Amino acid sequence: MTRVTVTVMPKQGVLDPQGQTVARALGQLGFANVGGVRVGKRIELELDGDDPLGQAREMCERLLVNELIEEYEVVGEGGGSTAS
Amino acid sequence: MSVAILRFPGSLDHASAARAVEAVGGTPQEVWHASTELPAETRAVVIPGGFSYGDHLRPGAVASRAPVMADVKRHAERGGLVLGICNGFQILCESGLLPGALRPNATLSFVCRQTDVEVIDADSPWTEVIGAGRVLSIPIKNNQGAWYGDPDRTRVALRYRGEDRLGSVDAAAGVLDTSGRVLGLMPHPEEASDPLHGSVDGQGLFRAAAAA
């Protein structure tokens, strides 16, 4: 089994109201140095087989990621990574 | 004529949609998401609102990959009509039948109120009976209704009037595919289809479905 981590983020230029809300809240707490915040998600996969990174990429393309509005990065347990 | 009303785990508005179809003389038929084929007599498909699969991953993402959706695509390719309402709109975008995607509302809040939408594109089986420029009073109720896409390459069918844009690009409330036979919209026409609703402005879309 290989653990593969997929990080999914809103694409640059796509409205990220979660990030904007968190940035405002941090400002209200006194953090005056926050230039920007983006909020995404992390998906952990336990994969069997010869090509876990390739499999994870296919999963991203077919279900995990909507590439119109999101971008992603796939990182394998022992290093090795690939981004959209 | 027979109107298939799809039902997924988490669909909420299938019964209201069926009532709206019946009210204009159509015959609704509920179709479970695991079905691999629509009933043979299906003339139009309505994908109702709700929170299919709990909105997990992205609204509509899991439902758009359900078995029944392959036949909805074939139905659209054969020239059949498809209407997606709210979560149904999200499912159609996720399935690739409609362009764009639905993002969280700019306010990050659930928006539930009566709103005005204007018919922009009346060159479709869905909107021709209503007419361009007509303003419809229809409720919206959603968390993720901000349409994101390229308005220059999309047929925007309906546009919000006033403040309720939700963060939608081009204030789009509903979009058509290039053929005009697939329509998705965030407002709920089935909740504006009976005098008791206070508005019957949503009935035109169900008339189009029933007449298909």
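Computed from a predicted structure; not experimentally measured. Throughout, a chain's letter reflects where its sequence line sits, starting with A, and its residues are numbered from 1.
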### Task
For A:Val22, check side chain to side chain contact (heavy atoms under 4.5 Å, CB included) against everything at least two apart and list the hits.
A:Leu26, A:Val37, A:Val39
### Query
In Å, rounded to the nearest 0.5 Å, how long is the span from CG of B:Leu183 to CG of B:Leu158?
6.0 Å
Scan chain A against chain B and return every donor-acceptor pair whose distance is under 3.5 Å.
unit_1: A:Leu15; atom_1: O; unit_2: B:Arg103; atom_2: NE; d: 3.4
unit_1: A:Leu15; atom_1: O; unit_2: B:Arg103; atom_2: NH2; d: 2.6
unit_1: A:Lys41; atom_1: NZ; unit_2: B:Leu57; atom_2: O; d: 2.6
unit_1: A:Arg62; atom_1: O; unit_2: B:Arg65; atom_2: NE; d: 2.9
unit_1: A:Arg62; atom_1: O; unit_2: B:Arg65; atom_2: NH2; d: 2.8
unit_1: A:Leu63; atom_1: O; unit_2: B:Arg58; atom_2: NH1; d: 3.1
unit_1: A:Leu63; atom_1: O; unit_2: B:Arg58; atom_2: NH2; d: 2.8
unit_1: A:Leu64; atom_1: O; unit_2: B:Arg58; atom_2: NH1; d: 2.9
unit_1: A:Asn66; atom_1: ND2; unit_2: B:Glu94; atom_2: OE2; d: 3.4

### Pick from A:Ile69, A:Val14, A:Leu63, A:Leu15 with the largest number of heavy-atom pairs that fall under 4.5 Å of chain B
A:Leu63
### Query
Can you tell if the side chain of B:Val169 reaches within under 4.5 Å of the side chain of B:Pro151, non-hydrogen atoms only?
yes
### Query
If we only count heavy atoms from C-beta on, is the A:Gln55 to A:Val4 side-chain gap below 4.5 Å?
no
### Query
Do the side chains of B:Val45 and B:Leu83 get nearer than 4.5 Å, heavy atoms only?
no
### Query
Should B:Leu136 and B:Val119 count as side-chain neighbours, where that means a heavy-atom distance under 4.5 Å?
yes
